[in-house]
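Encoded as structure tokens, the structure appears first; notes follow it.
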2 protein chains.
Amino acid sequence: MTRLPLRRVSFQTLTCRQRGYVSLNKLVDMQEALSNAKSLEELQTFVEGLRGVYGIDNLVYHSVNASGGQYAALTYSDTWVERYIEKGYERIDPVVQGCYKRFTPIDWKALDWSGKPSRDFLGEAASQGLGNQGFSVPIRGPSGQFALFSVNQKDNDDRWAQFTEERASDLILIAHYMNERALEIEGGPSQGPVRALSPREKDALTLLALGNNRAGVAEALQISENTLRVYIESARFKMGATNTVHAVATALTHGLIVV
Amino acid sequence: MTRLPLRRVSFQTLTCRQRGYVSLNKLVDMQEALSNAKSLEELQTFVEGLRGVYGIDNLVYHSVNASGGQYAALTYSDTWVERYIEKGYERIDPVVQGCYKRFTPIDWKALDWSGKPSRDFLGEAASQGLGNQGFSVPIRGPSGQFALFSVNQKDNDDRWAQFTEERASDLILIAHYMNERALEIEGGPSQGPVRALSPREKDALTLLALGNNRAGVAEALQISENTLRVYIESARFKMGATNTVHAVATALTHGLIVV
DNA sequence: TCCGACCTCACCATTTCTGGTGAAGGGGAA
DNA sequence: TTCCCCTTCACCAGAAATGGTGAGGTCGGA
């Protein structure tokens, strides 16, 4: 695979702005660390280092891939992380829920914190040492991969507004490059053991995903329902799916079909 | 919605590098045009202007959203575009197929051009005026949205390698900001009439998407199969899905559940 | 040239899903 | 407090999907 020198160039653009308290040397070190990272542990180190570079209380990179696998590199306390996982707080965390439907970065203030679960969650987070201010960048990769890069700080509104204004584009770039590295480390572009589908198999699953039943699909494809079944079954077999629903869901999450 | 001054800042980073033949004024104009774009037509204008700025033969921005809606802003000839659509060339175009599984930008040379359909396609593209060199940036948005930003040029390998090396990070940033604008213009963060699912409905659809049948899901959820059916049906109703397969597929493509 | 992969069709018993209706208690929001 | 939504359960007939197996033809790559 041809590796383009994206990181180097882009971090140079980051540092050439001479905007103040970010140490260029530190940032270059960080960039070095990131582009050389060969394991997820090194990403953790990167995140921790970044905290010092930006003078920020907490940073979080959290990725969820298509198969439900999760990975996080963060600076929160172990207590809080365990609690979060144990309670499945990603389900009510307005940051996660809000960003999942967005494509642009957002300040936590702009999220919807109404509703009792959200407020309870906020209270507990604060008691665990989280700051009142935050900024998150949603990032997406292939096959439904989703990641969130957030910074969190105890600060007043004015100072925080200034920080986000100045650093937003830094954070966006870092978020994207970090996600690239995490994805490359985790599995690379090779998507696992799922074999490609034949054109007819794709047609069949796509029409099925669109809500047609077998009779409808067979008619749309101008083939007999028996033939259609062969496609569905061979697609199922290729993907190791147990039934039609599973096959369509797998094809969708692996990017084998597009609806 | 709080709008962050991302575009301005980032295009400044683009222009502050003083790398040669890109006219700063032109680029600033382009940036202005992009951030003020209120319609998809203006994105077309932006793409056409970019061609002059970079001295590039062709640029293409092509987006496919979760509902199958497509939009493109490009500089190819109408003849080629019509031909491409008519023949459904996106199915065999190695650029589209290759990038869909990737998350990092790629030079067209690094793609897989073996196979008769690919070679035939390449021949026809060349006869329609496309250059031999190309570089594409895959971009992803919420709910499975996918877009491709490509540049295409008639050039020799050395000069092209130099161009991509120098301009890769520009192109990546432009690609991302263009995608943001296209998404905001097209519909914004509001995702349409699909109502949110209740926790139990999500559980049910998720377990179904994972390959369980109703009996298995009911057991996993520790509820009767009758109850489970209520969840599936109410979820179907909310999303206007005609059957279980459709419901799971819709929930997946709209980001209502994650598998 | 041969093999493998793809496309096409058929049969049939069994399992599973669907459609529609009714009903109860709990909890949050206005 | 009232209302709406969520969660839980039941019944039943008819429609649809499934699991195997067999078999013909085409086409591109080794």
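Chain A is the first sequence line, chain B the second, and so forth, proteins listed ahead of strands; every chain is numbered from 1.
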Rounded to whole angstrom units, what separation is found between the [atom1] atom of [X] and the [atom2] atom of [N]?
X        : N      : atom1 : atom2 : value
B/Tyr231 : D/dC5  : OH    : C1'   : 12 Å
A/Leu207 : D/dA17 : CG    : P     : 14 Å
A/Arg200 : C/dC9  : CZ    : C1'   : 13 Å
A/Gln222 : C/dC7  : CD    : P     : 16 Å
A/Asp203 : C/dC7  : CG    : P     : 9 Å
B/Leu197 : D/dC6  : CG    : P     : 9 Å
A/His246 : D/dT18 : NE2   : P     : 13 Å
A/Phe237 : D/dT21 : CZ    : C1'   : 15 Å

With heavy atoms under 4.0 Å as the rule, sort B/Thr227 into base, sugar-phosphate or nothing.
->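 B/Thr227: base contact, heavy atoms under 4.0 Å.
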Tell me what A/Ser224 touches on the nucleic acid: a base, only sugar-phosphate, or nothing, going by heavy atoms under 4.0 Å.
->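 Sugar-phosphate, backbone atoms only, no base.
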With respect to the phosphate group of C/dC6, does any side-chain polar atom (N or O) of A/Ser234 fall under 4.0 Å of OP1 or OP2?
->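 For A/Ser234, the contact criterion (side-chain N or O under 4.0 Å from OP1 or OP2 of C/dC6) is not met.
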Given C/dC7, is OP1 or OP2 found less than 4.0 Å from the side-chain N or O atoms of A/Lys202?
->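 No, no such contact exists.
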Could you state the interatomic distance from CG (B/Leu207) to CG (B/Asn213), rounded to the nearest 0.5 Å?
->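 Reported to 0.5 Å precision, the distance equals 11.0 Å.
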Report the residues that fulfil salt bridge (Lys or Arg N to Asp or Glu O under 4.0 Å) with [X], sequence neighbours left out, ordered by chain and then residue number.
X        : answer
A/Arg83  : A/Glu124
A/Glu219 : none
A/Arg229 : A/Glu233
B/Asp93  : none

Footprint string (nucleotides 12-30 of chain C, 5' to 3'): B base within contact, S backbone only, - free, heavy atoms under 4.0 Å | B----BBBB----------
Could you pull out all donor-acceptor pairs under 3.5 Å where a side-chain atom in residues 130-139 of chain A meets a protein atom, sequence neighbours excluded?
unit_1: A/Asn132; atom_1: OD1; unit_2: A/Asp155; atom_2: N; d: 3.0
unit_1: A/Asn132; atom_1: ND2; unit_2: A/Asp155; atom_2: O; d: 2.9
unit_1: A/Gln133; atom_1: OE1; unit_2: A/Lys109; atom_2: NZ; d: 2.9
unit_1: A/Gln133; atom_1: NE2; unit_2: A/Asp155; atom_2: O; d: 3.3
unit_1: A/Gln133; atom_1: NE2; unit_2: A/Asp157; atom_2: OD1; d: 2.7
unit_1: A/Ser136; atom_1: OG; unit_2: A/Trp108; atom_2: NE1; d: 2.7
unit_1: A/Ser136; atom_1: OG; unit_2: A/Ser150; atom_2: OG; d: 2.6

A/Ser63 side chain vs A/Ala147 backbone, donor-acceptor pair below 3.5 Å =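 Not at all, since once roles are kept as given, no pair shorter than 3.5 Å links the two residues.
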